[in-house]
Each structure stands twice: as structure tokens, then as C-alpha cells.
Undergrad: 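Here it is, the structure in full.
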Amino acid sequence: MAGSTLIEGGYVVTMDPAGTELPRGWVAVRGGRIVSVGEGSAPSDVRDAFPDRIDATGALVTPGLINTHHHLYQWLTRGWAQDSILFDWLVALYPTWSRIDEGTAGAAGAGAMAVLARSGCTTVGDHHYIFPRGSGDIVGAIAHESRALGLRLHATRGSMDLGESQGGLPPDFAVETTDDALAASAEAVTRHHDGSFDSMVRVAIAPCSPFSVTSDLLRESATLARDLHVRLHTHGAETVEEEAFCRERFGMSPTDYLESLGWLGPDVWMAHCVHLSDEDAARFGATGTGVAHCPSSNARLAAGIAPVRALLDAGAPVGLGVDGAASNEHGRLGSEIRQAALLARLRDGAGAMPVRDALRMATTGGARVLGREREIGSLEAGKLADIVLWELGEVEHAGIADPVAALGLGSLPRVRRMLVQGEDVVVDGHLVRADERQIAGRVVEAAARLRG
Ligand SMILES: [Zn+2]
């Protein structure tokens, strides 16, 4: 059981519904949860009850960041197909990815999650959808690595069953049968999903995309997830090529197509959603369908700029995601706050994305997207103690007018300290439960093995 800790002296951004900020605030933590939050010096009864102190002087204190979309395995294929659009990039990478197994997926996950943690991410959403025959327990391997680092994981059991010979994009050797995918999805949930309040591992069901999955698998995955009381995730409306694919094959836009298969609703989140009409955005808001906004990946693949302002104004849950590192070699979630602020302004004007709105997407927005808004995403009494202290005393940020602008517009501050469930995960910018050099060595070896 985690101990009692008082974090004091920092600029605390609670991300509570009122947007409360405490220029010299304190946060009291016990048993992995936030007990109380206040301004100024903590009262003497609090100081007596929380003898362990973390000095946050000169730091910005925020909720832990929540990543809503990733493909951790892609950590092994960074730097490939550097100038391609999505479909060409996928075709270039599918053959290598289809050699993934639980060993290489674990090494990739360790590398990708180490970088996420060092950029302030406490909850990792992963979308894994390639399961070659005989590849072992890939979801289990990723969960093993998240536990070792001390991070909260929202894994998925994804799938593809629409190979090239049936008009899909992936090669036939990279896809499963519909029945195998459904059976393995149910098994992954049974084996690894924990629905408790302080769960460290949850599992969602996540067929990959309209151009790599049959209508049957999409429809039946939705039914299965609802039977098992877990969430649903996929890619949607990422590129103009996907839009053309859906119109030609189904006579509908991607959003209409997914809706026709039961895929709009408060238990669904979709990655990207770049090519939405105003009416689509309103439907996301009305149905509570979540969006994982991945601004760097969308720029890397020249997919476009998602209408995030319209989605937020419609009331849709919107979180941030780094996406797989093969389309975002940066891999740092903290940096996506700045990227989201900048791209929204390029699309919709200077007032389209204040830094506090971008930070809200990375925290409470992500919690809503993952169905964890009661547990994580803000610094409020009763929530889990997932907390980041960002160092603002170094030359990059010292003297800046607004500590939140340091995080949302400046270079990404070093993580002075990061707690998950009240326990240290990062101290002075480095992992405390794992050896970063050893992880780097595993990544080098696994990347070479994957290349064959
Ligand atoms: Zn993706």
C-alpha cells in the first residue's frame, strides 16, 4: 500500500470542472489516492498527517497525462517510409509488422512506454491489431511491461480480417479469420481485463479500420464488447483515401458506415477523425463517441487537421494520442499538447485552442475517452494519485509569464517527478523502476530480429 505524501509549493493545475489553478498549492496523497488539495501552506493537521513531503517549488503540478492511441509495437519500425501517405506507408510496413510476436512486442512496448513516461504520461492507451499465427500472448507481454514500469495500461485486442484478395489493404498473410479474431478478443478480455476503480490494466476490443476489417467483424466486435462490458476502439475518417474506399465499397462516408454497424456511442472511441463534416462532429457529441486526436501523426502522414474545436464545442470527448512511433518518431505525449494547440490554430484561427484546452484534452479529455473520468484526469479528492511535477526552473522556462504556457507552448519541460497511484515512476527525468539503457538494448536487438 502506498504511503502518505504531501506535495507542496508548486503551481497546481487541478483540471477540475471549474478549471481551478493554485499558484502555490498542495496535494495530499494516501493509499494511492488524492485525499485533499488546497492553496497556500497546508493546514497543520494535514502537515501532521502527511509527514513525507515532495517539494514542488518551481514546478508545474498537473494530473498525469493520458494517451488515448498508440501502436506500441511500432517502436521497432521508426524511421521507415518517411515521406509516404498512410496507405503507401502501411503497404511498406505490413510485411515487417506481420513478424511481430510476444517477445518483440514486449521490447517495443518497454521502449515506447519508457518515452511516454518520461514525457509525463501515466496512462497508456495501446491499439494492437497484428496477431500472426503462433505469436503468443502479445497483450499479456505488453501488460507485463507496463506493470514493470509502473504505468496504467488501456490495452486492446485488435484485429484485421480483410486481406488484399478480398479488396482490403493488408496482405493476406497479415490477417486472421473473423471467427479467430472474435474468439481471441474474448479470450484477451477474460485473461487480462480488470474493471476495478484502481485498475492498472484494462482491455478494449479494437478491429483496426474500415479498410482492413470486414463489416461482419466490426458488427460482431461491437456486440461482443457490449456483452463483455468493455470498450470499443478503431481508426476512423483518417484520410481522404479511406473516405474514397468507404464511398466506393459501401456507398457511405466512414462515419455513416461505422454508425450503421453500431459504432457510435459512449463506449466507443476512434483515432484521428480528421475528415468529419460539421454534422458528423455533432453526432460524435450527441452520442458521446470519443476521439483520439493525434496531431503529430496526422502531420507526419499529411492526413489533414482534425476539426477538434468543432468536436469539443459539440461536447464530444476528445483526448490526445501520439499514435504509433512509425508515424510519430517523437513518441512523447507531453509534446502533443503543443502540437494540438498549434494545428488547431492553423485550421481554425488564433483563438481555436488555448493551451488550457489542449492540456484538458491530455488529461480529463483522455479520461473521458477511456471511460475513466471518475478515477483519473484531474487532481481532486478521491481520484487516483496520478500526478506530474514539471521542472520550470531551468533556462528553457525560467521567467515565463504563465507556467501552463511553458508546458503548452514551450519546449517540453523535464519531468521532475511522476507518481502513478501515489508511487514514483519517474524522478529527475528518468525511470526509477527500470534501467533505460537495458530497454534501449532490448529495442535494438528486437528491431534487428523483426527486420529479419
Ligand atoms: Zn493508429
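Both ligands and their constituent atoms are indexed starting at 1 by order of listing. Predicted, not measured: the structure shown is a model, and the values here were computed from it.
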Undergrad: Is the Zn ion (ligand 1) under 2.8 Å from any N, O or S atom of H69?
TA: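 It does: H69 brings an N, O or S atom closer than 2.8 Å to the Zn ion (ligand 1).
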
Undergrad: State whether H235 contributes an N/O/S atom found under 2.8 Å from the Zn ion (ligand 1).
TA: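 Yes, since at least one N, O or S atom of H235 sits under 2.8 Å from the Zn ion (ligand 1).
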
Undergrad: Closest approach of P317 and T289, non-hydrogen atoms and distance?
TA: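 Distance-wise, the nearest heavy atoms are CD-O, 3.4 Å.
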
Undergrad: Is the Zn ion (ligand 1) less than 2.8 Å from an N/O/S atom of D323, whether that atom is in the backbone or a side chain?
TA: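 Yes.
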
Undergrad: N/O/S of H71 less than 2.8 Å from the Zn ion (ligand 1)?
TA: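 Yes, H71 qualifies, because one of its backbone or side-chain N, O or S atoms lies under 2.8 Å.
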
Undergrad: Establish, from distance only, whether the side-chain atoms of H330 and S335 form a donor-acceptor pair under 3.5 Å.
TA: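 A donor-acceptor contact under 3.5 Å links the two side chains.
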
Undergrad: Between F87 and F245, does the ring centre distance come in under 6.0 Å?
TA: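 Judged by ring-centre distance (under 6.0 Å), F87 and F245 do not meet the cut-off.
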
Undergrad: Taking all non-hydrogen atoms of both residues into account, name the closest pair between G429 and R414 and its distance.
TA: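 Nearest heavy atoms, G429 then R414: CA-CG, 3.9 Å.
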
